[in-house]
Amino acid sequence: MIDLCRPAVEVAPDLLGWQIAAVGAAGRIVEVEAYEPDDPASHSFRGPTKRNDVMFGPPGRLYVYLIYGIHLCANVVVGSPGRGSAVLIRAIEPVAGESVMADRRGIERPTSLGSGPGKLCQALGITMAHNGLDLLNANSAVHLIEPTVATSSPIVAGPRIGITKATDRPWRFGLVESKHLSRRFV
DNA sequence: TGCCCGATTAACT
DNA sequence: GTTAATCGGGCAA
């Protein structure tokens, strides 16, 4: 078990290759982004609120929020407890329950099942009701599974996507060889 | 109380 | 390449 109580920037790349399991489906994490407490692009930047409350809770919890009034995004709370660090899961590649994922997504194409933060939430059936779940507990409806074999796939870093602040921080990490990235790394 | 805008996606041209 | 869809948080008044 890796130590989640480290800065998001350190934990984020370590989360690549992990599996995220939900009801009826599971995927392998191939793309993430790090968000730090002193990061203007982070929800935790302005301190605790009703929405970001779980970000300030213990590491290993699931932080779910609504974006653009339409899509959900899933984050893993990390860092020192109560500081407000998190790692956004941006893309997964299907490992199990692909038909269930395709069903929830309403599409067929395997590479479109989890190639985006909103997409993977939909594919895994993650909702606001899952906010605050303990991702390290195998009994949780949504939980993480550490890879048994260390990932040897090359990892790339690049600027984060879709933010307007702190755009210069290269805190997006991904497995280059994956065909399930939300976007290519340049 | 009201207004603006976003860690996105899919359907357009 | 462009844009609509859609809603809760954060900030101003």
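For clarity, every value in this text was computed on a predicted model and none was experimentally measured. In what follows, chains carry the letters A, B, and so on, assigned in the order in which the sequence lines appear, proteins first and then strands, with residues in each chain numbered from 1.
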Identified pairing partner of C/dT6, criterion: Watson-Crick or G-U wobble below 3.5 Å: none

Any donor-acceptor N or O pair under 3.5 Å, side chains A/Q122, A/R104: no

Identified salt bridge (Lys or Arg N to Asp or Glu O under 4.0 Å) partner of A/E31 from the options A/K119, A/R172, A/R160: A/R172

P-based separation of B/dT13 from C/dA5 [nearest Å]: 14 Å

Path from A/I161 to A/V176 over hydrophobic side-chain contacts below 4.5 Å: no

Touch class at under 4.0 angstrom, heavy-atom based, for A/R51 against every strand present: sugar-phosphate

Phosphate contact (C/dG9 OP1 or OP2) by A/R46 side-chain N/O below 4.0 Å: no

Under-3.5 Å N/O pairs linking protein and nucleotides 6-8 of chain B:
{"from": "B/dA7", "atom 1": "O4'", "to": "A/Y35", "atom 2": "OH", "distance (Å)": "3.4"}
{"from": "B/dA7", "atom 1": "N9", "to": "A/Y65", "atom 2": "OH", "distance (Å)": "3.3"}
{"from": "B/dA7", "atom 1": "N7", "to": "A/A41", "atom 2": "O", "distance (Å)": "3.1"}
{"from": "B/dA7", "atom 1": "N6", "to": "A/H43", "atom 2": "N", "distance (Å)": "3.3"}
{"from": "B/dA7", "atom 1": "N1", "to": "A/N75", "atom 2": "OD1", "distance (Å)": "2.5"}
{"from": "B/dA7", "atom 1": "N3", "to": "A/Y65", "atom 2": "OH", "distance (Å)": "2.6"}
{"from": "B/dT8", "atom 1": "OP1", "to": "A/R90", "atom 2": "NH1", "distance (Å)": "3.2"}
{"from": "B/dT8", "atom 1": "OP2", "to": "A/G162", "atom 2": "O", "distance (Å)": "3.4"}
{"from": "B/dT8", "atom 1": "O2", "to": "A/H71", "atom 2": "NE2", "distance (Å)": "3.0"}

C1'-based separation of B/dA7 from C/dG1 [nearest Å]: 22 Å

Sugar-phosphate only, base, or nothing, as touched by A/R183 at under 4.0 Å among non-hydrogen atoms: nothing

Separation of C/dG10 P from A/D53 CG (nearest whole Å): 11 Å

Atom of A/L181, atom of A/G174 and distance for their closest heavy-atom approach: CD2-CA, 4.5 Å

A/R6 atom CZ, neighbour heavy-atom count above 12 within 6.0 Å: yes

A/N131 vs A/Y63 side-chain heavy atoms within contact, under 4.5 Å: yes

Base paired to B/dA7 (Watson-Crick or G-U; both N/O distances under 3.5 angstrom): none

